[in-house]
Amino acid sequence: MELSLGTLGSAAAALALGLSLYALVAGTLGAARRDARLQTSARLTAVAVFLATTTAVLVMQAALLTDDFSVKYVAEQSRIDAPTWVKVVTLWAALEGSVLLWAWLLTGYTAALAMTTPNHALRAWALAVMQGVQVFFLGVVAIVANPFVVLANPPFDGPGANPLLQNHWMMAVHPVLMYLGFVGLTVPFAFAMAALITRRPGTEWMQLTRRWTLAGWGFLTAAIIAGGWWSYEVLGWGGYWAWDPVENVSFMPWLTATAFIHSVQVQERRRMLKSWNVLLIVLTFSLTILGTFLTRSGVVSSVHAFGDGPVGPVFLAFFVLVALFSLGLVAWRWDQVRDRAELDAAVSREGAFLLVNVLFLALTFTVLIGTLFPLIVEAVDGARVTVGAPFFDVVSLPMWMLVLLLMGIGPLLPWRKAETQSLTRNLAWMLAGGGLAAGAALAFGLREVYPVLTIGLAGWNLTSLALLLAGAVVPRARLTGRSLASASVRYAFEQRRKVGSMIVHFGVVVVALGIAGSSGYRTDVQLRLPYGERVAFNQYELQALAPFSERTAGRVSVGVEVAVFQAGRQVDLLRPHINAFGTSSMTVPTAAVRYTPGHDLYLSIAGAVDPRADAVIIRVIQSPLITWIWIGAVILALGTVWTLVPARSLGPATAPAAAGQRARA
Amino acid sequence: MRRLAPAVWAAAAAWLLLGQVAAQDVVLDPRVFEIGRELRCPTCVAESVSESNASIAREMRQIIQEQLDAGRTRSEILGFFQDRYGDWILLEPPRRGLLLLVWLLPVAAALGAGAGLVALMRRWRAAGEQVAEVAPEDLARVRAALAATGDGGTADAGDRPTPRTPAPRP
Amino acid sequence: MRRVALVVAIVGGLSALFVFGLLRGAPDRNVPSNLLGRPVPTFVLPVYERYLADFGPRLSLADHVGRPMVINFWASWCGPCYVEAPHLEAAHRRYGDEVLFIGVQTQERDARVAGRAFIERFDFTFPNVIDDDSRVSIAYGLFGVPETFFVHADGTLDHKHVGPVDARLLTERVEALRR
């Protein structure tokens, strides 16, 4: 057998699979028998698996970058004259490569876990579970959908990746973030399984994995919003979320994971909601695997779906295995996980978190029903229906409003029982803040229900955050004799979790406002722009100047230059165009966007650009506040990072002068 | 058009007589895109008529504009396409028969979850307020111990659990 | 035991649903026509030059109700249309006395040149018309091309086939129309 990249890659994948199987067996035996040697062997093997998978990834990249068309995946997905960055991201552009990326990230996480987790009763079993998941993904890479298959007659060139995936640099970022999120959330799942197996359903498994969980959640959040921004820039209809089935299946684990990261705090504090937490993480992981199944099997119709053939049944089998194993484990250990809880009052932090769980689960169920409904109807009736964005918007919006409401009042509620006086006072402030905001919106002439409600809830939430901050910082400043600013900074550095969560909630408010503005008050028209004439649109005037065409590596662009005038002065020059890639007949209209903090002006070519015509048809969209979604996402990410970095003390608590005063007093 | 020779112009006029008007050369107002968001593009994979750039989507937007100009309402226009394509073309399933389920199930789930939550909270609250049963000998021992420490424990001290004070604000 | 049964029931139900999904193949490529059993929409469309002598500048479907019809929608950019074209022509030559075959070029604009090339390549002797603005294909509820409609003599739709037709299917369906 000659040593080509294809055989090298297949060998690396097979090696990784074999090592992973060994680690699974050794790890399970070592955990069951508490055999330290076997456990250590499994841990070290985890690192070896990571190295083997890395080799496979590097081999694939080498094949892509050197245009080695004897490798099946390269022949199917790549092109000689594609730009280098496109060749690099082609690794995850299609099914086989995306599974390889997932497997690689998974082996990386497992190796890191194996080497950094302190020796603990849960560690061995958790690693064994991770290896089990790994065996599946590596098995798909090595056996079911092997990208390294060597072609006997390699073609001279390939068709290139899907044009939609070459159109924007976000292709390099979004899938990686998404997989980092999914893989990251596998860690708490593995530890939860370990906790059930070892009959330690307490808080250990959550505390050990807290940072992993938050990081995974953070990546998933970033991935979903990044995907929205990518849709916005690439797809030409000025939207960012279509409730497409594949979008939904990435959203559902996020919903349950968000409920989970809130609910675990109740278990940390009050030893309550154990069963909820275990079920939430099981649900999160199961939904992740369900998501990969639906995306890669072609069972639901989606613009994102890719994959066919034998992969579908394999992923279904794994989903059934995961669901039966995890739920079976929960059922088996139910007596230990069951809540024998005592609740002092419904109006308390526990009560609020419980409500969060219920709300997010209801949302998850709604999205699941909507996504699967066409399939269910077809199975029952044979009839064909579609469940699209209008349904999801109508049914979920009320629940989102409740979430925003809860997000405001929750952090202000004390544990155990809310004391009426302070609760009423806080509520009064927040109602005032919310009412003021909503009133201002109405005064501005806004009349749509949900945007006004969102603005009111933004006021409600901002007041809540101010109350939280003031309630924490003012006493600190008084006690330590420092200034408010200094006390705030110290508070921020010392109370990472609290301040981090405040930043994240603030980010959510910003995102909510962005969504309210861009959905409620969007202007969407199609205009005919004769060359050289100014056409009015809202507060702008648009003038199509001239068509243009450019050729860069692997693509041809044809577009129109449009000058944008405001109050008579030219403020921008936008160049919406249509890209054609390589040999594909598929053209991708690429929008040109003018970003301002208040709104976006979005131009996209509708139809063809005919150089002989005297006008061009442009779709013009103005979306108010849409940039706030992306800004809010950045704030969310920063807040998550803030929470993850360990707290440190900033020197003595009391200011030296004050300490001196008190000593004398 | 100005540049065309008369013969070609005649041919073009004949063409025009046959009712061929370029759909793209028409301005579309915002209502078209609103209605288009509720219709599915037939040749695309899961895109709405407002989102898609496919030729049939563009033609459908043109049809919607013409029908709006003719004074038809939103439901009439949706019904026009539903008549030709069936329920499948609507992105919001019609509310009848089996399809009602997709609307009812989430509402039922939310209500059921809410009711379950209330029941759960009630049960937990009751558990919280339950007085633990204590054997009389143990009660006597506690009282004796309290008296011994000079706490001035009253006869009531052992009967009821002390009321819980709210935990200090975090 | 009850808990285990619940778990198995939920997972089992979902699995059954997904197995059904896997077995039934690609979704939304074969939605049944809403016109079945109903009169097909009539149209008046311009014909290609080849047929001017026999059919005049425009073909009106309403004039031809009374004969069974096979209406085939195609486009010059559609690959499977090239595959089915010879079978259509052969079927026309066999059944053309009783059954009227009509080809409709749709879902492309200003494509006369390409359309003419398509017709000449397969030597279509049955009339082909031009649906330049795709209104007729929308009226017929087309999901793509090619699609073929088998119409009774009374003008109602007997069967719609999505995708390319082959000789066997054509024979089967046309025989059904003749009865």
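Quick note on labels: first sequence line is chain A, next is B, and so on, each numbered from 1. Note that the coordinates shown come from a computational prediction; the quantities given were computed from them, not determined experimentally. All heavy atoms count here, side chains included; hydrogens, waters and symmetry mates do not.
For Asp29(B), the part sitting under 4.5 Å from any heavy atom of chain A is the backbone (N, CA, C, O) and nothing else. Using a 4.5 Å cut-off between heavy atoms, Val394(A) contacts chain B through its side chain alone, with no backbone atom that close. Val616(A) does not touch chain B: none of its heavy atoms, backbone or side chain, sits under 4.5 Å away. For Leu355(A), the parts lying near chain B are the backbone and the side chain together; criterion is any non-hydrogen pair under 4.5 Å. Contacts between Arg61(B) and chain A at a heavy-atom distance below 4.5 Å involve the side chain alone, from C-beta outward.
For Ala109(B), the side-chain contact (heavy atoms from CB on, under 4.5 Å) partners two or more places apart in sequence, or in a different chain, are Phe365(A).
Taking both residues in full, the closest heavy atoms of Arg40(B) and Thr386(A) are given as NH1-OG1, 2.9 Å, listed atom of the first, atom of the second, then distance. Closest non-hydrogen pair, Leu235(A) versus Asn53(B), comes out as O-ND2, 4.1 Å. Shortest non-hydrogen contact noted between Pro390(A) and Arg37(B) is CG-O, 3.9 Å. When all heavy atoms of Glu51(B) and Trp237(A) are compared, the closest pair comes out as CG-CD2, 3.2 Å. Closest approach of Arg528(A) and Val27(B) over heavy atoms only: N-CG2, 3.9 Å.
For the atom pair CZ (Arg619(A)) and CZ (Phe33(B)), the distance works out to 4.0 Å, reported to the nearest 0.5 Å.
Chosen from Ala362(A), Gly351(A), Ser302(A), Ser396(A), the residue pairing most often with chain B at heavy-atom distances under 4.5 Å is Ser302(A). Of the residues considered (Ala113(B), Ser50(B), Ser48(B)), Ser50(B) shows the highest number of contacts with chain A, using heavy-atom pairs under 4.5 Å. Heavy-atom pairs under 4.5 Å with chain B peak, among Val380(A), Leu527(A), Val525(A), at Val525(A). Residue with the most contacts toward chain A among Asp87(B), Leu90(B), Leu117(B): Leu117(B) (heavy-atom pairs, distance under 4.5 Å). Residue with the most contacts toward chain B among Val367(A), Asp524(A), Thr366(A), Leu368(A): Asp524(A) (heavy-atom pairs, distance under 4.5 Å). Across Val387(A), Leu361(A), Ile621(A), the residue that shares the most heavy-atom pairs under 4.5 angstrom with chain B is Val387(A). Across Val395(A), Asp393(A), Leu354(A), Asp244(A), the residue that shares the most heavy-atom pairs under 4.5 angstrom with chain B is Leu354(A).
For residues 98-105 of chain B, the interface with chain A (any heavy-atom pair closer than 4.5 Å) comprises Leu98(B), Leu99(B), Leu101(B), Val102(B), Trp103(B), Leu105(B), sorted by residue number.
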